[in-house]
Amino acid sequence: LDYMGKKGHCYFPQIESLQELHEHHPLSTWILNTRRVDDWINSLKKYHNMADRLRSCNIPGLPPVVDNDEKKNEQGLADFYNGHIENIRAFVKKHP
């Protein structure tokens, strides 16, 4: 999370602006920190309601909360996480 002011006002350049980052810094080295997706989800739940805060940001690819269905909500977070990893890897492969 790079900025969160008013509810819903967030900016994630690593999600929203990959092409622009590459254009401005074409020789940069990309570092993709990863962890087990279940550990990531547990951290989101424990750290100051981060999962809810992320969902209030309208991040591209992050599905909305499904009321009273924790399993679907966790699967949505897992799909988002895995999709982000795949997207970054594909981008870096295209822009070595």
Side-chain angles (χ1 to χ4, degrees):
L1 176 63
D2 290 292
Y3 176 76
M4 184 168 184
K6 296 181 285 184
K7 185 176 182 178
H9 185 78
C10 309
Y11 178 57
F12 293 83
Q14 67 274 27
I15 296 172
E16 301 173 40
S17 301
L18 286 176
Q19 187 61 43
E20 291 84 354
L21 287 169
H22 175 69
E23 289 171 4
H24 289 280
H25 307 283
L27 301 177
S28 293
T29 299
W30 292 82
I31 298 173
L32 178 61
N33 295 316
T34 63
R35 61 193 298 197
R36 288 179 23 153
V37 68
D38 294 338
D39 292 340
W40 180 73
I41 292 170
N42 286 333
S43 291
L44 289 181
K45 291 178 179 180
K46 293 177 185 177
Y47 186 74
H48 304 287
N49 298 318
M50 182 59 79
D52 294 338
R53 291 168 54 201
L54 287 176
R55 290 190 190 280
S56 73
C57 290
N58 298 317
I59 300 169
L62 183 63
V65 171
V66 177
D67 289 336
N68 301 318
D69 197 334
E70 189 63 23
K71 187 171 182 158
K72 280 189 180 180
N73 289 327
E74 287 184 4
Q75 186 60 53
L77 288 170
D79 292 345
F80 170 76
Y81 179 86
N82 291 323
H84 175 66
I85 299 294
E86 290 174 16
N87 186 45
I88 296 295
R89 287 181 173 155
F91 186 86
V92 170
K93 187 175 183 178
K94 185 177 176 183
H95 304 283

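Everything quoted here is computed from the prediction, not taken from an experiment. In what follows, every heavy atom counts, from backbone to side chain, and hydrogens, waters and symmetry copies are set aside. Throughout, residue positions are numbered sequentially from 1 according to the sequence presented.
- Following chains of ILVMFWY side-chain contacts shorter than 4.5 Å, one can reach Met50 starting from Ile59, so the two form part of one hydrophobic cluster.
- Residues Leu77 and Val66 do not share a hydrophobic cluster, defined by chaining ILVMFWY side chains whose heavy atoms lie under 4.5 Å apart.
- Every pair passing ring-ring contact (aromatic ring centres under 6.0 Å, His included) that includes a residue from residues 40-73 is listed here, sequence neighbours excluded: Trp40-Tyr81.
- Note that the CG atom of Leu44 and the NZ atom of Lys46 stand 11.5 Å from one another [nearest 0.5 Å].
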Can you list, pair by pair, the side-chain donor-acceptor contacts under 3.5 Å of residues 24-39, counting residues two or more places apart and other chains?
| residue | atom | partner | partner atom | Å |
| --- | --- | --- | --- | --- |
| Ser28 | OG | His25 | O | 3.1 |
| Arg35 | NH1 | Ser43 | OG | 3.1 |
| Arg35 | NH2 | Ser43 | OG | 3.2 |

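- Every residue two or more places apart in sequence or in another chain was checked for a side chain to side chain donor-acceptor pair (under 3.5 Å) with Lys72, and none qualifies.
- Using a 4.5 Å heavy-atom cutoff, the side chains of Phe80 and Leu54 are not in contact.
- Residues passing the salt bridge (charged side-chain N to carboxylate O under 4.0 Å, His left out) test with Asp79, sequence neighbours excluded: none.
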Going by atom type alone, with no hydrogens or angles, which donor-acceptor pairs under 3.5 Å involve a side-chain atom of residues 82-96 and a protein atom two or more places apart or on another chain?
| residue | atom | partner | partner atom | Å |
| --- | --- | --- | --- | --- |
| Asn82 | ND2 | Ala78 | O | 3.1 |
| His95 | ND1 | His22 | NE2 | 3.4 |

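- Inter-residue side-chain proximity for Tyr11 and Ser17 is flagged as met; some heavy-atom pair is nearer than 4.5 Å.
- Note on residues 12-29: no pairs pass salt bridge (charged side-chain N to carboxylate O under 4.0 Å, His left out), not counting sequence neighbours.
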